[in-house]
Each structure stands twice: as C-alpha cells, then as structure tokens.
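Okay, structure first, notes after.
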Amino acid sequence: MLNTMEVHYGDERLLFTYRQNRLNFTIGQRYSFYLNKSDKKSKFGVLSKDKLNESSTLFAGTSKVPWFSHFEEFTINESEKQSIVQGFTEQLSRSKKSSYREHNNDEFERTAFNHSIGTAFQTTNNTIMAATNFPLNQILYGPPGTGKTYHTVLEAAKIVTGNETISYQEALEVFKSNLDDQIEFITFHQNYSYEDFIQGLRPDTENGSALTFEKKDGVFKRIADRALKNLLASENPASVKKDFDLVFHELIQPLNEGDVEEIEIKMKKSSFFITEVGEKSIDFRKSIGDSKHTLSINTLRKMYNTGGNDIILGGLQPYYNPILELLLEKGKSQVIAVPRKNYVIIIDEINRANISRVFGELITLIEEDKRSHSAIPMRVTLPSGDPFIVPSNLYIIGTMNTADKSIALLDIALRRRFEFVPMYPEVNLVKEEYKVLFEKMNKTIKDKKNYDFTIGHAYFMDDTIPLEKIINHKVIPLLLEYFMNSEEQVKEILASAGIAIGGWPLKMIQ
C-alpha cells in the first residue's frame, strides 16, 4: 500500500520495528500495522478509517476515527483496503515525525519500500534475494551526450530491486534512497588513487595534539564490506548485530536522561566511570585519581563493527575492551531472516584514471569466478594487513567517453573483465524537427573521423532549449575540441547540416 501514498524511504513520520517475533509499522506515534507470527488468533492488526470487523476498536481519546482491527488471516476486499489507505493517509497528515525514529529497523524499511516499487523476489532456502540477470562488471561506452550516466541510474535500480521493467522515475527514487548504502557513485580522474578507492593512511584528527595516522577505507572497500556483511548475514542470521548507534545509545541512555551521574564500567580487578558523552568522545575517570580521560566513539564503532579489539594498542586498550564487550552483548540480535541484497558501485569516466594504479590487486578479484561465493574465491591481504575479498553480490557499472580516450587504449586487463555495452547516437530519440540536421552532421563527422566522435542525441531532446543555444553552447565547443580548433572543419560539418556559422567566437548565423 505504500506506493498509493506520498511516502518514501527515510520518511521521518514512519517507523519500522521488529521485536519478539513481531513486525510493527507505525505512523507518527500510532501503531498502524503489525504482524505477530506467535499469536495464532490475532496475527495481524491494522489501522483504518472505518470499522472493519467485530474486533475493531477506537484508539483511546478518539470518538470516530481511527479504528484498529485484528485478523487471524489478513484477507481484505477493495473497500476495506481503501479504508486502510484512508486511515493511513489521515494519520500521515497529522504527523510530522515519529519520536522513536532512532529505533527504526532499516532492513525492514528497505524491504517494505523495495516491494512497493515492484521488486521481483525469489525465495531459496529461506533466503530472500533479488533476481539477478545482470553482468557483474559492465562498461557503458560511447561519445558524449548518448545517455551513459543517465542509464547508470536505471541499471543500478534494476540490479538493486531485481525489477527489469522499472520506470526511470521509480529508478531515480531507488537511486536516491539507496545512495551511500546499496549504491555508490564516483567519478574517476587523473589523480584518483588506490588509497581513494581501496584503502590508505590518513591523519587521525580525533587524536588530540599528537600526529597519528589511521587506516581509511576507500569507497570500493566500504561498499564491498557492506555487501559481504549482507551476504554472510543472509546465510547465517545468527551472526547479525544490531546497529552500533542503537546499541551505544542504549548504553549511555541513563546518563543522557539524568537517571545516573556516572556509568560504571567494570574491569577485571577494578572499574572506571563514564562521566560525560560528547559528539565524538567519551569522558571517563579512573576509580583512583581525579584526572579525566577520553575514548573515541568512532574507534569504538570500528571495534564493534569488526568485532575486533586489536584496532587500539597501548595504554587505552584496557578501557576500550570492557565497553566493547558490553556493546557486543547488547548488540546480539534475535535470529531473523536477512534478505540477500544487491549492491552497485557506479564509476563514471572509468577510463580517465590510471586503472592499474587504482585497482591494484583487485583487477583479478573482480572476475566473476574469483568472487566470494564463486568457483575459485580469492582473498588477498591488503598492504595494511587486512584480508579482503570481493563479494558476489557487488556489481560494477562504469561509463566511458570514447571521444576522451579510445577503447583500444584502455588497460587490456580491464577490457577482459568487463562486458562492454555500446551507446551511440539514436536519431529516433531526437526531436522531429532536428532529425535531418542531426543525421547529416553526424554523417560528416563519421566521414572525417569515426563513430566515437559523433554528437549525442541528448543535446537535441530538450524542448525548452532553442537550436541556436544548442549549436553555440554545446555543439561548436565540442567540434572545436574534436578538430583541434579548426574553424574550417567545424564550419564544413555544420554547413553539411544546413547550419551557417561565422565570426569569432564561432556562432550560428540566423
């Protein structure tokens, strides 16, 4: 029903929670739907505008609406469905934000919204996974203006949802809601490095006045780690931990709410006491002495997420470890089925970087049969000592401007590991009044150079931009670049399409 209302992933009025075998959907402060598999007589409950059955009751403090009804089996007719939608819609109009949004179950919410945009799911061995008929590694290539970057949004949404017939508008919503989670978007350039992409050392700005360095994961490693975590959790739900921020908030809540002045953290032979929690650090005092010390919340997060206590070595480790143990104990989650998800990294202008330098040893690991759950899974040790493997549910989409660098010059190792999808000008997509000049202009360009230097259809699709502006601001600068600022060549190409230009800078003559 979500797709019938004006709601989206991340809407702060909505709350999705899972607790003790019960799924709850809340709008504002009011329960709107639940599923409780342990209750045989009342497995389902739902909010509505009207009374739906004999179990229906009004919420406390209301005289007419909304109603809440219970069902053993949730089978409803069209009028009942409309009443539920109306009840949800009215509750949305009264709500600004759920007070409990910080406890939102992201997995539950994403699953709900993926279903609402038409995701096709398959169930195998109790694992939910999106349909995957897409190449793991692909590059969309062609001249400028042929919609390569535009199509990456659509391709990424298809992969994430498993829905091959998704509309572009729906795809755009999927892209925006999943960016920095299931989808990453980056643009390569000449200075892009292995450290940016995989892992490197960066100054630790949270370590006071001392200059120290810490491992910093690059964009590819971050999304690969997320994808692998999901893949392993879908196979072994018992390994899933609650989100760090949720567990950390639970630990410090008594201090934040003023119930206690300090939180005692027990060690093997003594204790220390958390006295204050800031945005980036924890203040604590030892059981003996008055001096204050701090621990980094970000370091605790890393230790919790990796499950390791070897990130910090030295004097403060004995204070990090007891907190880590408490967090890990609180973070134990009830065993629930975790849906297997697909992840996508989009690399725009993939041919502009030094591929050998950026990918390093990953150039082998991205092959389909070298992935984590493939025939020959290959794991490498990064320069930092961290083990690394590319998961089988991570898809790579690159774009390549053929006018910028010929495909023939592309790193041969990359060529062998990617499927190449050509994207060249399509006259059928051009406005009717521009089709003749578009074809004539591109024919002349092909005769003088080749297909890789043609003009893309995207420049001639917008109804709001006049032809003069397209020629002066888009086409002429591009042709001057292609033909080394040769005015005669540019004039000849445009003249073949019936367009006269002159002056300097070159401009279209009306």
Side-chain angles (χ1 to χ4, degrees), residues 136-141 144 148-149 152 156 178-207 210-229 296 298-299 301-302 305-306 311 343-368 370-372 378-391 393-420:
L136 277 174
N137 308 318
Q138 61 176 308
I139 290 178
L140 311 181
Y141 71 95
K148 297 180 294 298
T149 305
T152 60
N178 285 281
L179 201 57
D180 299 322
D181 181 19
Q182 282 180 256
I183 299 173
E184 291 284 359
F185 184 97
I186 57 172
T187 302
F188 274 1
H189 52 79
Q190 289 87 342
N191 292 326
Y192 210 86
S193 67
Y194 179 91
E195 290 74 19
D196 299 316
F197 196 55
I198 312 300
Q199 190 184 74
L201 290 176
R202 294 288 185 269
D204 183 358
T205 57
E206 298 179 6
N207 198 27
L211 178 61
T212 59
F213 291 85
E214 63 175 345
K215 290 181 296 186
K216 189 77 171 179
D217 291 339
V219 62
F220 187 87
K221 186 175 185 299
R222 291 198 301 272
I223 192 171
D225 287 347
R226 290 199 298 270
L228 184 61
K229 179 181 177 182
S296 166
N298 192 41
T299 299
R301 179 181 284 104
K302 292 176 185 176
N305 289 337
T306 60
I311 293 175
Y343 293 73
V344 182
I345 182 167
I346 299 169
I347 307 173
D348 204 24
E349 305 284 0
I350 193 170
N351 55 312
R352 295 191 67 219
N354 184 326
I355 299 301
S356 298
R357 180 186 175 207
V358 173
F359 274 82
E361 65 272 48
L362 258 68
I363 204 68
T364 298
L365 271 62
I366 64 173
E367 292 182 37
E368 187 169 353
K370 308 295 192 304
R371 300 291 190 102
S372 62
M378 294 190 68
R379 188 181 300 271
V380 299
T381 302
L382 300 178
S384 64
D386 291 347
F388 184 70
I389 193 168
V390 179
N393 59 339
L394 175 59
Y395 294 76
I396 305 172
I397 302 175
T399 70
M400 178 175 161
N401 183 348
T402 53
D404 183 46
K405 183 178 180 181
S406 170
I407 269 191
L409 300 177
L410 192 65
D411 191 303
I412 193 67
L414 195 69
R415 285 173 58 83
R416 289 191 291 107
R417 290 169 171 87
F418 279 79
E419 290 188 20
F420 281 75

| task | Flag the pair Asn137 / Glu419 as yes when at least one side-chain heavy-atom distance between them is below 4.5 Å, and no otherwise. | result | no

| Can you tell if the side chain of Thr399 reaches within under 4.5 Å of the side chain of Tyr141, non-hydrogen atoms only? | no

| query | Quick one: are Ile363 and Arg417 in side-chain contact, heavy atoms under 4.5 Å? | reply | yes

| remark: In short, Ser372 meets Ile389 closest at the heavy-atom pair CA-CD1, 3.6 Å

| Hey, what do you get for OG1 (Thr381) to CG (Asp386), rounding to the nearest 0.5 Å? | 9.0 Å

| task | Quick one: pull up CG in Asn191 and CG in Asn354 and give me the separation to the nearest 0.5 Å. | result | 11.0 Å

| request: Would you mind reporting whether Leu136 and Arg371 have side-chain heavy atoms less than 4.5 Å apart? | output: yes

| query | Is Glu361 atom CD crowded by more than 12 heavy atoms from other residues, nucleotides or ligands, each under 6.0 Å away? | reply | yes

| said: For a 4.5 angstrom cut-off between non-hydrogen side-chain atoms, does Ile347 reach Phe220? | reply: no

| field | Point-to-point distance, once rounded to the nearest 0.5 Å, from NZ of Lys370 to CZ of Arg379 | value | 15.5 Å

| field | Residue pair Ile396 / Ile366, side-chain heavy-atom distance below 4.5 Å | value | yes

| query | What distance do Phe420 atom CZ and Thr402 atom OG1 have between them, rounded to the nearest 0.5 Å? | reply | 11.5 Å

| field | From CZ (Phe185) to CD1 (Ile397), nearest 0.5 Å | value | 10.5 Å

| query | Taking all atoms of both residues into account, what is the closest heavy-atom pair of Tyr194 and Phe359, and its distance? | reply | CE1-O, 4.2 Å

| task | Over all heavy atoms of both residues, which pair between Ala227 and Pro391 is shortest? Give the atoms and the distance, please. | result | CB-CG, 3.6 Å

| Where the side chain of Asn178 meets the backbone of Asp181, is there a donor-acceptor pair that is under 3.5 Å apart? | no

| message | Between Asp225 and Lys221, does any NZ, NE, NH1 or NH2 come within less than 4.0 Å of an OD or OE carboxylate oxygen? | response | yes

| message | Strictly distance-based, threshold 3.5 Å: is any side-chain N or O of Asp196 a donor or acceptor partner for the main-chain N or O of Ser193? | response | yes

| task | Can you measure from CD1 (Ile350) to CG (Asn401) and round to the nearest 0.5 angstrom? | result | 13.5 Å

| request: Test side-chain contact (heavy atoms from CB on, under 4.5 Å) on Tyr343 and Arg226 and set out the steps. | output: CA-CA 8 Å; Tyr343 293 73; Arg226 290 199 298 270; 4.1 Å; yes

| task | Provide the closest heavy-atom pair for Val344 versus Leu394 in the form atom of the first, atom of the second, distance. | result | N-CD1, 4.2 Å

| query | Step by step, would you call Glu349 with Tyr192 a side-chain hydrogen bond (donor to acceptor under 3.5 Å, both in side chains)? | reply | CA-CA 11 Å; Glu349 305 284 0; Tyr192 210 86; over 6 Å; no

| said: So Thr152 and Thr149, do their side chains get closer than 4.5 Å, heavy atoms only? | reply: yes

| Any chance the side chains of Ser384 and Gln199 put a donor and an acceptor closer than 3.5 Å? | yes

| said: Is the shortest side-chain heavy-atom distance between Phe188 and Ile186 below 4.5 Å? | reply: yes

